[in-house]
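Remarks on the structure that follows.
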Amino acid sequence: MRIATWNVNGLRARLDFVLHWLHSRQPDVVGMQETKVEDDDFPHAAFEDAGYQVATHGQKGWNGVAIAAKRDVEVLQSGLPGQEDAGARLIRARVGGLGFATVYCPNGKDLHHADFPMKLAWYDALISWLSDVQAGEPFLIGGDFNIVPAPLDCWRGKDADGTIFCTEQERSRYQALLDGGLVDLFRHLQPDEQRFSWWDYRGGAFHRGMGLRIDMLLGTKAMAERLRAVVIDRDYRRKKAGLIASDHAPVYADLDD
DNA sequence: ATGACGCCTTCCAGGCGA
């Protein structure tokens, strides 16, 4: 079973690119973030033609998450309880006996911006919510966490410590997800590898290696035992067939059935 | 310090992303 996460940065603008990737990589389940499309306008037909059904939690212009899968998707939750004002950032479904959630965590903007405490509060709600939902079934959560877990995950290394995405407040909350029983699947298999999932569009950041690892798949320990491989699909951060890529690469994990 | 690139939106200059 192949499970993926991808911040697509605008699904309508990215549709042909996403379909190209689905055709090439054939994920069974994919959580998407920053779909930036209202549910009524979601391009379901294009996904159905590609063999996927999709559950969506979108809004106009910003944010938005969705789960596409080759099998039935039963929606269990749309939106993080108590955090509705932060936008459409979470959806959870049951897919083929697996509990899967995808999240677009708030950015926070700047340590002195009002969005920063909002980000921390959103994480506190996520930590609390996860402690309830991940128990008792195979569970996996993937998304754009907008936190750099460790200096190894940032092109600037320790020089970025204390700046946005790299503060103790953010990293301790990411650690709380792990302390709650989840495993960072990429880091689990590749403890020392530096691999990024996001590069700024500007200034040639991709080609200069100026990236961050902020897109993660986290699984319960039972899921980690089924893990075969995790790929940060850097090739799909490049232009394909004349189509513009998202600023995030897809990330996928292969699990034994 | 700023801008760079690309997305979005009562449509096009300005906000936002990370």
Side-chain angles (χ1 to χ4, degrees), chain A residues 5-21 32-43 56-66 85-89 102-120 122-123 126 142-171 173-174 194-216 232 234 236-251:
Chain A
T5 181
W6 195 3
N7 180 323
V8 298
N9 186 23
L11 185 64
R12 286 168 297 174
R14 202 74 57 221
L15 183 58
D16 288 343
F17 195 91
V18 170
L19 294 171
H20 192 292
W21 180 77
M32 293 176 283
Q33 307 89 40
E34 284 205 87
T35 54
K36 301 185 180 180
V37 60
E38 289 181 289
D39 292 343
D40 288 346
D41 295 332
F42 194 94
T56 65
H57 179 49
Q59 68 179 90
K60 192 177 185 68
W62 306 109
N63 307 317
V65 287
D85 289 350
R89 296 178 179 275
T102 194
V103 285
Y104 175 47
C105 301
N107 174 299
K109 287 195 179 76
D110 179 287
L111 270 61
H112 307 292
H113 194 283
D115 282 9
F116 188 67
M118 191 261 305
K119 176 181 192 173
L120 300 181
W122 195 93
Y123 258 96
L126 179 68
D144 175 355
F145 285 84
N146 275 326
I147 291 177
V148 172
L152 180 62
D153 300 309
C154 176
W155 68 279
R156 293 175 57 207
K158 285 184 184 294
D159 289 348
D161 286 359
T163 65
I164 189 74
F165 286 36
C166 303
T167 64
E168 189 279 334
Q169 295 102 305
E170 292 161 291
R171 285 179 169 161
R173 283 167 172 84
Y174 185 77
Q194 183 169 68
R195 293 283 185 274
F196 303 137
S197 67
W198 174 88
W199 298 261
D200 201 307
Y201 280 122
R202 298 166 291 188
F206 179 73
H207 295 286
R208 295 166 69 186
M210 298 160 67
L212 306 173
R213 190 175 73 94
I214 53 176
D215 300 273
M216 275 76 80
I232 301 181
R234 199 174 179 280
Y236 273 83
R237 177 58 179 77
R238 303 173 191 275
K239 273 185 188 171
K240 283 276 178 206
L243 303 168
I244 296 167
S246 170
D247 45 356
H248 297 252
V251 180

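Note: hydrogens, waters and symmetry copies are ignored here, and every other heavy atom, side chains too, is used. Letters go in sequence order (proteins before strands), and every chain restarts at 1.
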Output the rounded distance in Å from [atom1] ([X]) to [atom2] ([N]).
X	N	atom1	atom2	value
A/Arg12	B/dC7	CZ	P	12 Å
A/Tyr104	B/dG17	OH	P	6 Å
A/His248	B/dG17	NE2	C1'	8 Å
A/Phe206	B/dG6	CZ	P	14 Å
A/Trp62	B/dG6	CH2	P	17 Å
A/Asp200	B/dC16	CG	P	17 Å
A/Met210	B/dC5	CE	P	13 Å
A/Phe17	B/dG6	CZ	P	12 Å

Inset, instruction - Tell me which nucleotide among B/dT9, B/dC16, B/dG6 gets nearest to the side chain of A/Lys109. - result: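 Looking only at heavy atoms from C-beta outward on A/Lys109, the closest nucleotide is B/dC16.
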Inset, instruction - Tell me which nucleotide among B/dG15, B/dG17, B/dC7 gets nearest to the side chain of A/Glu34. - result: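 So the nucleotide nearest the side chain must be B/dG17.
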Can you check whether [X] has a side-chain N or O nearer than 4.0 Å to OP1 or OP2 of [N]?
X	N	answer
A/Lys60	B/dC8	no
A/Arg202	B/dC16	no
A/Lys36	B/dC16	no

Inset, instruction - Report the residue (A/Thr35 or A/Phe165) whose heavy-atom-nearest nucleotide on DNA chain B is the more 5′ of the two. - result: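 Looking at DNA chain B, the more 5' nearest nucleotide goes with A/Thr35.
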Inset, instruction - Using the closest heavy atom to pick a nucleotide of DNA chain B for each, name whichever of A/Asn7 or A/Gly203 lands nearer the 5' end. - result: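 So the residue in question is A/Gly203.
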Using distance alone, with no hydrogens and no angle criterion, decide if [X] and [Y] have a side-chain donor and acceptor under 3.5 Å apart.
X	Y	answer
A/Thr56	A/Asp39	yes
A/Trp198	A/Asp247	yes
A/Asn9	A/Ser246	no

Legend entry - Short N-O contact, A/Asp161 and A/Arg156, less than 4.0 angstrom: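 Looking at A/Asp161 and A/Arg156, the cut-off is not met.
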Rounded [atom1] spacing from [N] to [M] in Å:
N	M	atom1	result
B/dC8	B/dC12	C1'	11 Å
B/dT9	B/dG3	P	25 Å
B/dT10	B/dG15	C1'	16 Å
B/dA1	B/dA13	C1'	23 Å

Inset, instruction - Select base, sugar-phosphate, or nothing to describe what A/Ile214 touches, counting heavy atoms under 4.0 Å on all strands. - result: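 Here A/Ile214 touches the backbone only, sparing every base.
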Inset, instruction - Check every strand shown and say whether A/Asp144 touches a base, only sugar-phosphate, or nothing at a heavy-atom separation below 4.0 Å. - result: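 It contacts sugar-phosphate atoms only.
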Legend entry - A/Lys119 NZ/CZ over A/Tyr123 ring centroid, <6.0 Å and within 45° of normal: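 Checked: cation-pi criterion not met.
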Legend entry - Aromatic plane relationship, A/Trp6 with A/Phe17 - under 30° parallel, 30 to 60° tilted, over 60° perpendicular: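 Tilted: the ring planes of A/Phe17 and A/Trp6 meet at 30° to 60°.
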